[in-house]
Amino acid sequence: MLKLIHCIELHSARLTQAGVSFGHGTSNAFDEAAWLVLWRLGLPLDELDEHAERELSDDERAQIAALVEQRIASRKPAAYLTKEAWLQGVPFYVDERAIVPRSFIAELIAEGTFDAWLGEDTRNILDLCTGNGSLAVLAAMAWPDTQVTGADLSPEALAVARINVDRHALQERINLVKSDGLKAVPGPWDLILCNPPYVNAQSMAQLPAEYRAEPELALAGGADGMDFVRQLLTDAPACMSEHAVLVLEIGNEREFFEQAFPGLDVVWLETSAGDDQVLLVTREALLQS
């Protein structure tokens, strides 16, 4: 009989041998294999230690092997196979209609990193490019006295977001709106969260298959990755309240961001990936740039 921990090790080696790419909830083959094995067995993803010595039946081993082979053959992120992703310990439904949630803004919300810029007047929050709605849900949970709007250009993504809003019983706190940028959501907003399409064209051309399985609309940001961001920063001041702030994720594009907005005074926020992934900018700074 094969123990669960040895099954994970076996399929970790298989994933490594197959050369799959990670980054959609895990960063390495062992964690990815653990996710797939535990999910296939219907076990909580945070209880590996409790079940490590469990012996697997032949049928369970066959089901796990089939799932791992599907991961390898399809090159789809594991989240699309399990229909679930986690951010800050909160589960979210996801499928191919929306990008797999992984924004560093989630950890900043949980850690209260930018709470110092907020206040009693922070009532209306916009999650722009909401995707599957995960940041909107986390914002509503973190700040219970606020109303949150999740906006996205994609009706398909908004359908996924609706599943998550309903799943967490936040229908009365979160409104979902189809909008091209800020056009249909003029505010005024006290806080805007945005994880936009920001991948530059050269990087898009080199993305692994797992990333190409996601909606291109949620990733591609034009030649320098700043197409959406340029329009956003132009339109944002008119949609923000007097003391509002915008929290913006730009991934690995800090160099392109600083080239595009050389005179803009921003605050770079520390995340688990460093201090060049997410920035905060005030309405005042946007007006002065």
Side-chain angles (χ1 to χ4, degrees), residues 2-54 56 60-96 98-108 110-111 131-132 134-135 138 195 198-199 203-204 206-214 218-219 249-254 270-278:
L2 184 69
K3 292 183 178 180
L4 185 148
I5 187 62
H6 296 143
C7 180
I8 291 174
E9 292 169 346
L10 174 71
H11 288 296
S12 173
R14 180 74 184 94
L15 291 170
T16 299
Q17 179 188 35
V20 302
S21 293
F22 310 108
H24 294 88
T26 68
S27 61
N28 59 78
F30 182 88
D31 288 348
E32 187 98 348
W35 180 4
L36 293 171
V37 170
L38 290 167
W39 179 82
R40 183 74 280 172
L41 295 174
L43 298 173
L45 301 186
D46 58 354
E47 293 187 5
L48 172 57
D49 290 344
E50 291 89 332
H51 299 281
E53 298 301 312
R54 170 180 164 175
L56 305 181
E60 288 174 330
R61 292 172 58 184
Q63 290 186 38
I64 291 167
L67 179 61
V68 172
E69 288 306 313
Q70 183 184 7
R71 169 71 178 87
I72 292 168
S74 69
R75 283 307 201 263
K76 290 181 179 180
Y80 285 160
L81 304 181
T82 66
K83 305 301 184 191
E84 190 166 71
W86 294 71
L87 273 182
Q88 297 303 309
V90 179
F92 295 98
Y93 174 85
V94 69
D95 62 33
E96 287 87 343
I99 192 172
V100 177
R102 52 187 177 274
S103 174
F104 290 110
I105 294 175
E107 65 184 55
L108 299 178
E111 294 167 3
N132 84 329
S134 52
L135 291 184
L138 292 174
N195 181 22
Y198 55 67
V199 182
S203 295
M204 281 294 299
Q206 298 170 351
L207 285 179
E210 284 81 355
Y211 290 86
R212 294 199 299 274
E214 297 182 293
L219 297 172
E249 182 160 339
I250 50 91
N252 297 315
E253 309 291 354
R254 179 170 178 170
E270 185 73 33
T271 74
S272 59
D275 63 356
D276 57 357
Q277 302 279 318
V278 180

If you round to the nearest 0.5 Å, how far is NE2 of His11 from CD of Glu69?
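It is 8.0 Å, given to the nearest 0.5 Å.
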* Asked: Rounded to the nearest 0.5 Å, how far apart are NE2 of His51 and CG of Asp49?
  ->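 The distance works out to 10.0 Å.
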Query raised in the report: Could you go step by step and tell me if Ile105 and Leu138 meet the side-chain contact (heavy atoms from CB on, under 4.5 Å) rule?
Result: CA-CA 10 Å; Ile105 294 175; Leu138 292 174; over 6 Å; no
Got a sec, which residues hit side chain to side chain donor-acceptor pair (under 3.5 Å) with Ser203, two or more places apart in sequence or on another chain?
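Residues passing side chain to side chain donor-acceptor pair (under 3.5 Å) with Ser203: Asn200.
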**Q.** Criterion side-chain contact (heavy atoms from CB on, under 4.5 Å) against Leu38, the qualifying member of Thr82, Leu48, Asp46
**A.**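 Filter result, single survivor: Leu48.
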**Message:** Under the criterion side-chain contact (heavy atoms from CB on, under 4.5 Å), I'd like the reasoning laid out for Leu43 against Leu4: C-alpha separation, chi angles, the key distance, then a yes or no.
**Reply:** CA-CA 11 Å; Leu43 298 173; Leu4 185 148; 3.8 Å; yes
request  = Spell out, as yes or no, whether a donor-acceptor pair under 3.5 Å connects the side chain of Thr16 to the backbone of Ser12.
outcome  =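 Here the side-chain-to-backbone pair exists.
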Taking Arg75 for the side chain and Ile72 for the main chain, is one N or O donor matched with an acceptor at less than 3.5 Å?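 Checking the backbone N and O of Ile72 against the side chain of Arg75, a donor-acceptor pair under 3.5 Å is found.
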For this session: Measure across Gln88 and Ala110 and return the closest heavy-atom pair with its distance rounded to 0.1 Å.
Result: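 Heavy atoms of Gln88 and Ala110 come nearest at OE1-CB, 3.3 Å.
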Of the non-hydrogen atoms in Ala29 and Leu15, which two are nearest, and what is the gap between them?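 The pair with the smallest heavy-atom distance is O-CD1, 3.8 Å.
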Note to self: Just to verify, what does Ala273 make a side chain to side chain contact (heavy atoms under 4.5 Å, CB included) with, not counting sequence neighbours?
What the structure shows: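 Residues passing side chain to side chain contact (heavy atoms under 4.5 Å, CB included) with Ala273: Phe104, Thr271, Gln277.
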For this session: Sequence neighbours left out, what passes ring pair (Phe, Tyr, Trp, His ring centres under 6.0 Å) with Tyr198? Give chain and number order.
Result: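 Once residues adjacent in sequence are excluded, Tyr198 has no partner under the ring pair (Phe, Tyr, Trp, His ring centres under 6.0 Å) criterion.
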| Does the side chain of Glu270 come within less than 4.5 Å of Glu107's, by heavy atoms? |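 When only atoms from C-beta onward are counted, Glu270 and Glu107 do not touch, as no gap falls below 4.5 Å.
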Exercise for review: Answer whether the closest heavy-atom distance between the side chains of Glu32 and Val68 falls below 4.5 Å.
Suggested key: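 Result no, sub-4.5 Å side-chain heavy-atom pair not found.
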| message | Taking atom CG as the centre, does Asn252 end up with more than 12 heavy-atom neighbours from other residues, nucleotides or ligands that are less than 6.0 angstrom away? | response |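 At most 12 heavy atoms, drawn from other residues, nucleotides or ligands, come within 6.0 Å of this atom.
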Are the charged groups of [X] and [Y] less than 4.0 angstrom apart, N to O?
| X | Y | value |
| --- | --- | --- |
| Lys76 | Glu214 | no |
| Glu9 | Lys3 | no |
| Glu60 | Arg40 | no |

Q) Passes side-chain contact (heavy atoms from CB on, under 4.5 Å), Tyr93 versus Asn132? Steps please. A) CA-CA 8 Å; Tyr93 174 85; Asn132 84 329; over 6 Å; no
Hey, mind stepping through Tyr211 and His24 against side-chain contact (heavy atoms from CB on, under 4.5 Å) and telling me if it holds? CA-CA 9 Å; Tyr211 290 86; His24 294 88; 3.6 Å; yes
